[in-house]
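Being a predicted model, the structure only gives us computed values, none of them experimental. Counting convention: from 1, in listed order, for ligands and their atoms alike.
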Amino acid sequence: MTARIIDGKTIAHEVRAEWKERADALKARGVTPGLAVIIVGEDPASKVYVANKVKACAELGLHSEHVVLSADTSEAMLLSKIAQLNADPKIHGILVQLPVPKHIDSEKVLNAIDPNKDVDGFHPMNVGALATGNMRFAPCTPYGSMKLLEKAGVPIEGKHAVVIGRSNIVGKPMALMLLQANATVTICTSKTVDLPKYTRDADILVVATGKAKMITGDMIKPGAAVIDVGINRMENGKLCGDVDFDSAKEVAGWITPVPGGVGPMTITMLVANTVQSAERTAGSK
Ligand code: NDP
């Protein structure tokens with residue numbers, strides 16, 4: 001079997017067009033959705049992510065503010081900037097690019113964002129809402145992964161979904177979203193004994209470990225849908241996922257490539273969350 005490739009770039013383009021229509025409808029009513037992205041320090045990877053987020057907003061005609069703070073910014077100063085954006089009616093989404101410098105308590109920072117503007121979905125209130133099945137803001141990477149499954153036509157209800165990884169930003173929310181979609185969910189971690197036993201039973205396999213090519217074709221159930229969240233830089237400078245694409249695509253039914261799979265969806269869902277937040281504020285939902 002050769003897997004159907006789930007093309008994240010094409011699907012992201014399609015999803016962005018859907019959200020652009022909703023943004024345009026809001027703008028026609030005098031509300032321009034606005035996103036503020038705060039970056040503290042000079043981390044080169046973070047700078048690229050932030051630039052891409054600002055660019056995606058521009059593509060959809062959203063208002064965006066890019067707040068750049070120096071690496072020695074105090075926690076109090078960052079919290080006061082967040083308070084200012086919380087009160088700003090032009091801003092419907094606030095995102096603090098992680099990681100923040102070590103002298104700043106990232107949990108305190110995430111908790112300071114107004115839960116109604118928490119487009120990353122990391123505030124405990126939004127985490128709780130997701131856990132209780134009343135999702136308000138879904139964390140963007142798992143939200144994007146769910147969209148890929150939906151757009152590719154992968155059946156979820158009643159299927160066995162195995163998520164490898166339990167981070168707060170990917171693994172845990174992904175498992176909750178799959179559960180919400182009526183999958184039977186197993187979460188595996190670095191402590192799981194006999195990982196292949198679980199992966200070989202997965203109808204849907206989501207891999208988010210940060211371990212390059214750790215899932216090989218022989219660990220995959222024939223016909224399974226494989227979502228590879230990992231982004232790893234190889235010695236030759238190229239990117240690869242947590243799944244060994246070449247062997248996996250011979251066994252899987254569907255598979256996401258890296259790059260060009262989950263990656264383009266993450267920013268797309270951030271923009272979607274911002275538009276949705278503006279819709280809620282405008283009372284159009
Ligand atoms: P974390 O490092 O926070 O979490 C990794 C998880 O994988 C942990 O729960 C860990 O288990 C588990 N794990 C590690 N090794 C193994 C193993 N050998 N077997 C089973 N489980 C294992 O990573 P993130 O969740 O933040 O990110 C995961 C990957 O996704 C990274 O490559 C990251 O770059 C990528 N990513 C991609 C995004 C995108 O837009 N495409 C966005 C965010 C992340 P334990 O808890 O026991 O340590």
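- Looking at Ile215 and Thr199, their side chains come closer than 4.5 Å, going by heavy atoms from C-beta outward.
- Side-chain contact between Cys240 and Lys213: present, with at least one pair of heavy atoms (C-beta onward) separated by less than 4.5 Å.
- When only modelled atom types and interatomic distance are considered, Thr216 and Asp244 share no side-chain donor-acceptor pair under 3.5 Å.
- Remark: ligand 1 atoms within the under-4.0 Å shell around heavy atoms of Ile164 are 20 (C), 21 (N).
- Summarising the contacts of atom 20 (C) of ligand 1 with Val262, Thr209, Thr189, the nearest heavy atom is found in Thr189.
- Residue Gly171 places no heavy atom under 4.0 Å from ligand 1.
- The nearest protein heavy atom to atom 2 (O) of ligand 1 is not closer than 4.0 Å.
- Here the side chain of Asn126 pairs no donor or acceptor atom with the backbone of Gly121 at under 3.5 angstrom.
- For atom 40 (O) of ligand 1, the closest heavy atom belonging to the protein is Thr266 OG1, 2.8 Å.
- For atom 38 (C) of ligand 1, the choice among Thr141, Val207, Val163 with the nearest heavy atom turns out to be Thr141.
- With hydrogens and angles disregarded, a donor-acceptor distance shorter than 3.5 Å links the side chain of Ser277 to the backbone of Asn116.
- Remark: distances from the non-hydrogen atoms of Thr192 to ligand 1 are all 4.0 Å or more.
- Residues Met269 and Met146 are members of one and the same hydrophobic cluster, defined by side-chain heavy-atom contacts under 4.5 angstrom among Ile, Leu, Val, Met, Phe, Trp and Tyr.
- Among all non-hydrogen protein atoms, the one lying nearest atom 30 (O) of ligand 1 is Val229 O, 3.5 Å.
- For the pair Arg200 (side chain) and Asp218 (backbone), a donor-acceptor distance under 3.5 Å is present.
- With respect to atom 29 (C) of ligand 1, the closest heavy atom belonging to the protein is Gly210 N, 3.6 Å.
- Counting protein heavy atoms only, atom 46 (O) of ligand 1 is closest to Arg166 NE, 2.7 Å.
- Residues Lys108 and Asn111 are not in side-chain contact: their nearest non-hydrogen atoms beyond the backbone lie 4.5 Å or more apart.
- Side-chain contact, Asp201 with His160: a donor N or O sits under 3.5 Å from an acceptor N or O.
- Ligand-side atoms of ligand 1 in range of Gly165: 6 (C), 7 (O), 9 (O), 12 (C), range being under 4.0 angstrom from any heavy atom.
- Taking all heavy atoms of Met265, Met214, Arg233, Lys211 into account, the minimum distance to atom 17 (C) of ligand 1 is reached by Met214.
- Heavy-atom contacts of Gly263 reach the following atoms of ligand 1: 41 (N) (cutoff under 4.0 Å).
- Atom 43 (C) of ligand 1 has its closest protein heavy atom at Val170 CG2, 3.9 Å.
- Contacts between Ile231 and ligand 1 below 4.0 angstrom, taking non-hydrogen atoms only, involve backbone and side chain alike.
- Near Ile169, meaning under 4.0 Å from one of its heavy atoms, ligand 1 places the atoms 26 (O).
- Taking all heavy atoms of Ser190, Gly241, Cys240, Ser167 into account, the minimum distance to atom 45 (P) of ligand 1 is reached by Ser190.
- A donor-acceptor pair under 3.5 Å links the side-chain atoms of Asn86 to the main chain of Asp114, judged by distance alone.
- Judged by distance alone, the side chains of Lys53 and Gln97 do bring a donor and an acceptor atom under 3.5 Å apart.
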